[in-house]
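Data first, discussion second: the structure below is written as structure tokens.
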Amino acid sequence: MKISEIYGKRVESTAGKRGYVIAIKANGKKLECLICADENEDEFTVDINNVINFGDVIIFNDRESAIKSALPLRLGRASFDECGKYLGNLEEYLFEGNTLLKAKIGKKNYPAEGLVCGDAVIVKKIKRLKGDVLKSGKIIIKSGTYLTDEVMDSATLQGEYVQTTMKSI
């Protein structure tokens, strides 16, 4: 691809941010970032490593917005359930890759999906499956799985929303 083809090209993030390329920065022989502007002429930077596709429109993963909207994980916060019952202090987070899995509060582990963190931590009640969800004799969702939005979307796509919901009661 030619550099001249990139200038003025539209850019769009996976999160919906839009604009066009006004400059390109390089470091030695390596492209580093695209300097872009939105419809209000506010500039933003796109790391070249976050570009997914150089097509008619340059598609990029919007890491800058994700980083700005991220909240700090602070240990030691007082934690409560939805009814206001004190559960203990947030002692630890467990993660795999870049995904938070669980939080240890007091002596118990809670799913990360059910936590609302701020000055205090609120633990929302998330249902678990009490039995395996089967389709054509195969287990598609295992017993004990937390019913997160992602799990319910998967169940819906596989046509087992009702079975999944019923096995959580």
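Values reported hereafter were calculated over all heavy atoms of this structure, with side chains retained and with hydrogens, waters and symmetry mates removed.
Hydrophobic clustering (ILVMFWY, side-chain heavy atoms < 4.5 Å, transitive): Phe54 and Phe60 are in one cluster. Residues Val46 and Ile59 do not share a hydrophobic cluster, clusters being chains of Ile/Leu/Val/Met/Phe/Trp/Tyr side chains in contact below 4.5 Å. Neither Tyr86 nor Ile105 shares a network with the other; the hydrophobic side chains, linked directly or stepwise wherever heavy atoms of I, L, V, M, F, W or Y lie under 4.5 Å apart, form separate groups for each. Side-chain heavy atoms closer than 4.5 Å link hydrophobic residues (I, L, V, M, F, W, Y) into clusters, and following such links, possibly through other members, connects Leu100 to Leu87.
Counting only distance, with no hydrogens or angles, the side chain of Glu96 and the backbone of Leu101 share no donor-acceptor pair below 3.5 Å. No donor-acceptor pair under 3.5 Å is formed between the side chain of Thr145 and the backbone N or O of Ile141. The backbone N or O of Cys83 lies less than 3.5 Å from a partner atom in the side chain of Asp81, making a donor-acceptor pair. The backbone N or O of Ser143 sits less than 3.5 Å from a side-chain atom of Asp132, completing a donor-acceptor pair. Distance alone, capped at 3.5 Å, places no donor-acceptor pair between the Lys127 side chain and the Ile169 backbone. Side-chain N or O atoms of Ser13 include one that pairs as donor or acceptor with a backbone N or O of Ala15 at under 3.5 Å.
Enclosure of atom CZ in Phe95 is not indicated, since only 12 or fewer non-hydrogen atoms of other residues, nucleotides or ligands lie within 6.0 angstrom. For NZ of Lys25, the number of neighbouring non-hydrogen atoms (other residues, nucleotides, ligands) closer than 6.0 Å is 12 at most. Other residues, nucleotides and ligands contribute at most 12 non-hydrogen atoms within 6.0 Å of the OH atom of Tyr161. Summarising the local packing, CG of Asn40 is surrounded by more than 12 heavy atoms from other residues, nucleotides or ligands at distances under 6.0 Å. Dense packing is recorded around NZ of Lys167, with more than 12 heavy atoms of other residues, nucleotides or ligands lying under 6.0 Å away. No more than 12 heavy atoms of other residues, nucleotides or ligands sit less than 6.0 Å from atom CG of Asp119. Atom CD of Glu5 sits in a crowded spot, with more than 12 heavy atoms from other residues, nucleotides or ligands closer than 6.0 Å.
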Q: Output, in order, the C-alpha distance, side-chain angles, deciding distance and verdict of side-chain contact (heavy atoms from CB on, under 4.5 Å) for Asp62 and Asn50.
A: CA-CA 7 Å; Asp62 191 1; Asn50 292 337; over 6 Å; no
Q: Apply the test side-chain contact (heavy atoms from CB on, under 4.5 Å) to residues Val116 and Lys124: give CA-CA distance (whole Å), side-chain angles for both, the deciding distance (0.1 Å), then the verdict.
A: CA-CA 8 Å; Val116 178; Lys124 297 187 300 183; 4.1 Å; yes
**Q.** Trace of the side-chain contact (heavy atoms from CB on, under 4.5 Å) decision for Glu43 with Ile22
**A.** CA-CA 9 Å; Glu43 292 185 10; Ile22 60 174; 3.6 Å; yes
**Q.** Residue pair Val11, Val21: steps toward the side-chain contact (heavy atoms from CB on, under 4.5 Å) verdict
**A.** CA-CA 7 Å; Val11 295; Val21 178; 3.6 Å; yes
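Cation-pi check for Lys85 over Phe80 is not met; the charged atom does not lie both under 6.0 angstrom from the ring centroid and within 45 degrees of its normal.
Note that the NZ atom of Lys102 and the CD atom of Glu92 stand 13.0 Å from one another [nearest 0.5 Å]. A distance of 9.5 Å separates NZ in Lys107 from CD in Glu91, rounded to the nearest 0.5 Å. For the atom pair OH of Tyr7 and CG of Leu34, the computed distance is 9.5 Å after rounding to the nearest 0.5 Å. Between the OH atom of Tyr93 and the CG atom of Asn109 there is a distance of 12.5 Å, given to the nearest 0.5 Å. Taking CD1 of Ile3 as the start and CD1 of Ile6 as the end, the distance is 4.5 Å to the nearest 0.5 Å.
In this structure, Lys17 and Glu12 have side chains that are not in contact, with every pair of non-hydrogen atoms separated by 4.5 Å or more. You'll find the side chain of Glu32 stays beyond 4.5 Å of the side chain of Ile48, heavy atoms only. Counting heavy atoms from C-beta on, the side chains of Leu147 and Leu129 come closer than 4.5 Å. Between Ile35 and Ile24 the shortest side-chain heavy-atom distance does not fall below 4.5 Å.
When all heavy atoms of Leu115 and Tyr110 are compared, the pair lying nearest together is CD2-CB, 4.4 Å. Listed here is the closest heavy atom pair of Thr165 and Ser168: O-OG, 2.6 Å. Smallest separation of non-hydrogen atoms from Lys9 and Ile58: CD-CG1, 3.6 Å. Nearest heavy atoms, Thr164 versus Glu160: OG1-O, 2.7 Å. Considering all non-hydrogen atoms of both residues, Asp47 and Asn49 come closest at OD1-N, 2.9 Å. Between Ala37 and Phe44, the shortest heavy-atom distance links the atoms C-CE2, 3.8 Å.
Looking at Leu75, Leu73, Val123 one by one, the single match for side-chain contact (heavy atoms from CB on, under 4.5 Å) with Leu90 turns out to be Leu75.
Defined by atom type and a distance below 3.5 Å, a donor-acceptor pair is missing between the side-chain atoms of Arg10 and Tyr20. Between Gln158 and Ser154, the side chains place a donor N or O and an acceptor N or O closer than 3.5 Å (distance only, hydrogens not considered).
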